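What follows is one structure encoded as structure tokens, with my remarks underneath.
Remember, predicted model here, so these are calculated numbers, not experimental data. Protein chains get the first letters and strands the later ones, always in sequence-line order, with residue 1 at the start of each.
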2 protein chains.
Amino acid sequence: MAEPVVAPGRPRGGRRDEILATFTRHVAERGYDRANFGDVAAELGMSKGTIVHHFGTKDRMLAEVQERYMGRRLDEAHAFLARLPAPEQRIAAFVHAGVRYSTLEPATTVAFQREVVRLTDEPGMETARGQRDAYRDLVVAALREGEEAGVFVPGDARLRSLQMFGSLHWMWTWFDPQGRMPPEDVAAEFCRTLLRGLGVPDDLGAVAADPQGPVARCVAEVCAPRS
Amino acid sequence: MAEPVVAPGRPRGGRRDEILATFTRHVAERGYDRANFGDVAAELGMSKGTIVHHFGTKDRMLAEVQERYMGRRLDEAHAFLARLPAPEQRIAAFVHAGVRYSTLEPATTVAFQREVVRLTDEPGMETARGQRDAYRDLVVAALREGEEAGVFVPGDARLRSLQMFGSLHWMWTWFDPQGRMPPEDVAAEFCRTLLRGLGVPDDLGAVAADPQGPVARCVAEVCAPRS
DNA sequence: CTACTCTGCCCGTACGTGCGGTCAGTTTTC
DNA sequence: GAAAACTGACCGCACGTACGGGCAGAGTAG
């Protein structure tokens, strides 16, 4: 049924990536517990054994999904931070990027978000958890910079970062990438409310929130669709 | 090994409620998929069959947890809305209440929050979903009132409600009721940032966010611990 | 008071199913 | 020919739940 495409057996990681992508989609749709080897194998027209051969265990497969995801996000965060010096731009960029991912890699994003809790619980997730913590540290740092620069009103940076992540990580429960609501609008609205909440003057905030503005454009360049 | 037959008192469905409470705790700790009859039964020193006798299926049991939870929340929301006329007070009250629940009924709250997605997916959850939607409608209505009254800057009320719920519903992944961070502080910080973000003047916002203020007190009275 | 019956909780077990993972062997690629 | 990719049959186990029966208390008749 499925054409050979490239010869089976060789293509370095080709088949492997396919497996990972399908697994990711299943996790996104049903959650980790209900996702299973059998269905993934059937969908790809291969045997369960093949999946085991490539990944060993289900836990490892999820860990790899999370690590790859966070790896990409960290790279991108560093990239746009290097280009955006102002704290309110940085915070806005995190929001734009967070929303953007929901449409750029919907499956991976949902899979990550709905299974984040395993980062703290399960063993074997140390790497991914470290990446996640590093990412949050970047946001906290930007919030602190803003406070010190007097752009944000003083407050608890850690709590604020959690408030912010909550809004973004919750999106998987309601946001439909195929739906009517454009992600840019979501990002813009979230940005405006958040930045105003941090005490950023409306004009500065408007620029940072603008879907056509410099921040959004920078994020769009950095977080480009891959292959 | 079973205890003396009848527990002190004969609270209507005493045993039944005990089962539900234990099940709820297991869902909160491991998630619905990993929670199972065997463990609950063992912990209560009863047979799996007893659980089935009382609830029929696992799905039904979860549905009942969700319906009871949302029922209580709706009652309380109506109660504090009746006492707080101002939009900024109402929004603050939703935040205070949302945080408060994490310590008042930690297990039920976590169980609800981590399994919310089933409200939209699964059949048999129509009632609970209706309750959840009704709750969100209350928040959206308060946001719209605020806009019309000129207390909030114009914006997309639905998006704002989702942004707000995200912050609160995400708490289960990081908030520890036993931890150092007092829930009142979380609520206060969330309130301040959110209300400022909605355009509420700082003095008005400070009163509404104050853990000792009228709004927090009203919520504390309405959302009292139950027997 | 006694005997009988009805009823609702509760028990223990057994069954079917689904799933993660193993393994010995085959095919493909270089 | 060596190594990697792949297969398909199989195992063991955990879990939901169906089922038949036990048992204690309430109601009723004599």
- Step-by-step salt bridge (Lys or Arg N to Asp or Glu O under 4.0 Å) determination, A:Glu43 to A:Arg25: CA-CA 12 Å; A:Glu43 192 174 316; A:Arg25 214 187 57 247; 2.3 Å; yes
- Note on the structure: The nucleotide from C:dC19, D:dT7, D:dG16 with an atom nearest the side chain of A:Ser47 is D:dT7
- Query: Starting at CZ of B:Arg60 and ending at C1' of D:dT17, how long is that distance when rounded to a whole Å?
  - Reply: 17 Å
- Message: Taking B:Asp33 first and then B:Arg118, would you say they form a salt bridge - that is, a charged N and a carboxylate O separated by under 4.0 Å?
- Response: yes
- Message: Has A:Arg90 got a side-chain atom pairing as donor or acceptor with A:Leu81's backbone, closer than 3.5 angstrom?
- Response: yes
- Mind calculating the distance between CZ (B:Arg30) and P (D:dC15) to the nearest angstrom? 9 Å
- Which part of the nucleic acid, if any, lies within contact of B:Ala35, taking any heavy atom under 4.0 Å across all strands shown: a base, the sugar-phosphate backbone alone, or nothing? sugar-phosphate
- Message: Rounded to whole Å, please give me the gap between NE2 in A:His26 and P in C:dC19.
- Response: 12 Å
- Query: A:Lys58 has an atom NZ; how far is it from atom P of C:dG21, in whole Å?
  - Reply: 8 Å
- Note on the structure: Separation between CZ (B:Arg73) and CD (B:Gln131), nearest 0.5 Å, reads 12.0 Å
- Item | Gap between atoms CG and P, on B:Asp33 and C:dC19 respectively (whole Å) | 11 Å
- Just call it for A:Gly49: base, sugar-phosphate, or nothing, with non-hydrogen atoms closer than 4.0 Å on any strand. base
- Task: Go through D:dC6, C:dG20, D:dT7 for me and flag the one nearest to the A:Arg15 side chain.
- Result: D:dC6
- Task: Check every strand shown and say whether A:Phe37 touches a base, only sugar-phosphate, or nothing at a heavy-atom separation below 4.0 Å.
- Result: sugar-phosphate
- Message: The side chain of B:Met46 is closest to which nucleotide in this list: C:dC11, D:dT17, C:dG21?
- Response: C:dC11
- Query: Between the side chain of B:Arg16 and the main-chain N/O of B:His54, is any donor-acceptor distance below 3.5 Å?
  - Reply: yes
- Which nucleotide in the set D:dG8, D:dT17, C:dT22 lies at the smallest distance from any side-chain heavy atom of A:Val52? C:dT22
- Query: B:Arg34 has an atom CZ; how far is it from atom C1' of D:dC15, in whole Å?
  - Reply: 13 Å
- So which nucleotide from D:dT17, C:dC10, C:dG21 ends up closest to the side chain of B:His54? C:dC10
- B:Asp17 CG to C:dC9 C1', in whole Å, measures 15 Å
- What's the CD1-P distance between A:Ile19 and D:dA4, to the nearest Å? 16 Å
- Is any side-chain N or O of A:Lys48 under 3.5 Å from a base N or O of C:dG21, one able to act as donor and the other as acceptor? yes
- Task: Please determine if a side-chain N or O atom of A:His53 lies less than 4.0 Å away from the OP1 or OP2 oxygen of D:dA5.
- Result: yes
- Message: Looking at D:dT7, I'd like to know if its phosphate oxygens (OP1 or OP2) sit under 4.0 Å from a side-chain N or O belonging to A:Thr50.
- Response: yes
